[in-house]
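Worksheet: one structure, shown below.
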Amino acid sequence: MANLGLSVSDVVNVSIVMSPKAAQTRNFGSLLILGDSNVVDTLERLRLYTSLDGIASDFGTTAPEYLAAKLFFGQTPQPTTCYVGKWAKLATSGILRGAILTAPQQALANFTAITTGAMGISIDGSVQNVTALNLSGVANLNAAASALQAKLTGATVTWDAYNGRFIIKSNTTGTTSVVAFATAPGSGVDVSSLFGLKSADGGYVSAGVAAESLLAAVTAVANASNSWYGLQIAASAAPADADVLAVAGAVEAMSVSRIYGQTVQNTAVLDAAQTTDIASQLKALGYKRTFLQYCGNNAHAVASIFGRAFTVDFQGSNTTITLKFKQEPGIAPEYLTEGQAAALQSKNCNVFVQYNNDTAILQDGEMVNGYFFDEVHGTDWLQNDVQTDIYNLLYTSTTKIPQTDAGVNRILARISARIEQAVVNGLVAPGVWNAGGFGALNQGDTLAKGYYVYAPPVASQSQADREARKAPTIQAAIKLAGAIHQSKIVINVNR
């Protein structure tokens, strides 16, 4: 072998060090519609959609999940992210979802070539041997599914054209309802992988479960993903008040910030004398993460206002909104008496209502404890934006952030930058600070920038905190921009 000379690296050694990708902030425009239709199973739990067409393909156009999503996507501007989750309101069936087949694998010729197909499969614990499966005459993959079903007992076989997979579902329900992966036969032409039903093919098995409570379903979808922010129930029947109270309490206590919206159709909320209706009960509990809307003509009305709220781009300029005065396409406005409107307002229950100037608006855009929706939504975003940015500062820095005043100032600068974005998008604005002070801030001071960020000197830390490598406690004050909802005008006339 020829001598190629000494390595240049002996003189100049260059290494490439790639910095880690920064963590992403959460999406505060994603709604989870939780329903009880038998489309999404309890193993998958929730499915992402970016358009109404996808939901229509999976659920049809009469399912509650579709009806809610139609209102969500029907807003202008249009939201982009929607999840649909599964509530096992009734016991579910065991299911085998075959692998997603590629276009070549879906070619009909692959199936019509089979005249002596065979495979083994266990349904509800009983092994069945498929033999003499003749697919030579099938006209499409739906027919192939029907031919396989004819060879099985106690199960239904379907071809899911939208997702490109075969599905075998047990005819029983509950914890003993199970469809196992298919296996190769002892004789005949193995068709288990042709249908994508072997464990190695890429499908999955979801065992049947007993009926679960709504709270259990909400807990399951919360554990399944942190990607969704808003929650709405869209089931075959409206949840009972006890279920609404349980879900509201759970959402309030979740470690990941979320909000829950519920449409109310019981007219008891319109009666000021009623104190046991769901709005009165939730108001008494003081939850800031539950949003109610009365609507007598549509059980999914709250999805519409979620669709409008979830189009806010917090990284933009002057993009934040108040929900009062907003429209709800697809929802007929309520015609209320002054007393009924006042009753709803006193119970912090929202309504899309008709005014006598031929306009209809949502009022008042409040959570059940009286906080405005945009305040909760916006401060949830700000908390996550600051948290993620400081995490990325520590995570992506190629050198350590020193435990010195200079190091803490780097954190303060990043916090200030993120709060400055809240000023840019309209969430925060200059104003007078009317709460207790800290640092150099006193009650009654004007926040000229809309915010103030403070950290005590590192020298003031305890030795224990110093040794634990903690930053001093950082405090920030922000003044919310608010929104004008009412105006009183006096016109003085002189003649």
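When reading the values below, keep in mind they use all heavy atoms of this one structure, side chains included, and skip hydrogens, waters and symmetry mates.
- Side-chain atoms of E328 and P333, non-hydrogen and from C-beta on, never get closer than 4.5 Å to each other.
- A donor atom on one side chain and an acceptor atom on the other are not found under 3.5 Å apart for Y294 and Q340.
- By the neighbour-count criterion of 12 heavy atoms within 6.0 Å, atom OH of Y335 is sparsely surrounded, having that number or fewer from other residues, nucleotides or ligands.
- Within the 4.5 Å cutoff, the side chain of P457 has heavy atoms near those of the D405 side chain.
- Between R45 and T42, the side chains place no donor N or O within less than 3.5 Å of an acceptor N or O (distance only, hydrogens not considered).
- When only modelled atom types and interatomic distance are considered, T359 and N357 share a side-chain donor-acceptor pair under 3.5 Å.
- Cation-pi geometry between R26 and F28 is met: under 6.0 angstrom from the ring centre, within 45 degrees of the axis.
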Would F314 and W381 count as a ring-ring contact (aromatic ring centres under 6.0 Å, His included) if you check the C-alpha gap in whole Å, the side-chain angles of each, and the deciding distance to 0.1 Å?
CA-CA 8 Å; F314 288 104; W381 160 79; 5.0 Å; yes
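- L43 places a side-chain heavy atom less than 4.5 Å from the side chain of Y204.
- R165 contributes no side-chain N or O that, together with a main-chain N or O of D160, makes up a donor-acceptor pair within less than 3.5 Å.
- Between F72 and H300, the distance from one ring center to the other does not fall under 6.0 angstrom.
- There is no side-chain donor-acceptor pair under 3.5 Å between N384 and T25.
- No donor-acceptor pair under 3.5 Å is formed between the side chain of S177 and the backbone N or O of S93.
- For the side chain to side chain contact (heavy atoms under 4.5 Å, CB included) with C349, the qualifying choice from L270, D277, L344 is L344, the only one to do so.
- Using modelled atom types, one finds no donor on one side chain facing an acceptor on the other under 3.5 Å when comparing Q293 with T263.
- Under the 30°/60° scheme for interplanar angles, the aromatic rings of F325 and H485 are found to stand perpendicular.
- Within 6.0 Å of CD in Q443 there are more than 12 heavy atoms belonging to other residues, nucleotides or ligands.
- A salt bridge links D380 to R289: one of the charged nitrogens lies within less than 4.0 Å of a carboxylate oxygen.
- Judged purely by distance below 3.5 Å, without hydrogens or angles, the side chains of Q345 and D364 pair a donor atom with an acceptor atom.
- Two residues are said to be in side-chain contact when any heavy atoms from C-beta on lie closer than 4.5 Å; Q363 and F352 fail this criterion.
- Look at D41 and R97 and you find a salt bridge, because one of the NZ, NE, NH1 or NH2 atoms lies within 4.0 Å of a carboxylate O, short of that distance.
- The closest side-chain donor-acceptor pair between N38 and K86 falls under 3.5 angstrom.
- In this structure, a donor-acceptor pair under 3.5 Å is present between the side chains of D58 and Y49.
- Within 6.0 Å of atom OH in Y371, 12 or fewer heavy atoms from other residues, nucleotides or ligands are found, so the atom counts as exposed in its surroundings.
- A donor and an acceptor atom, one from each side chain of T290 and E252, are nowhere located under 3.5 Å apart.
- Classified by interplanar angle (parallel below 30°, tilted 30° to 60°, perpendicular above 60°), the ring pair F373/F306 is tilted.
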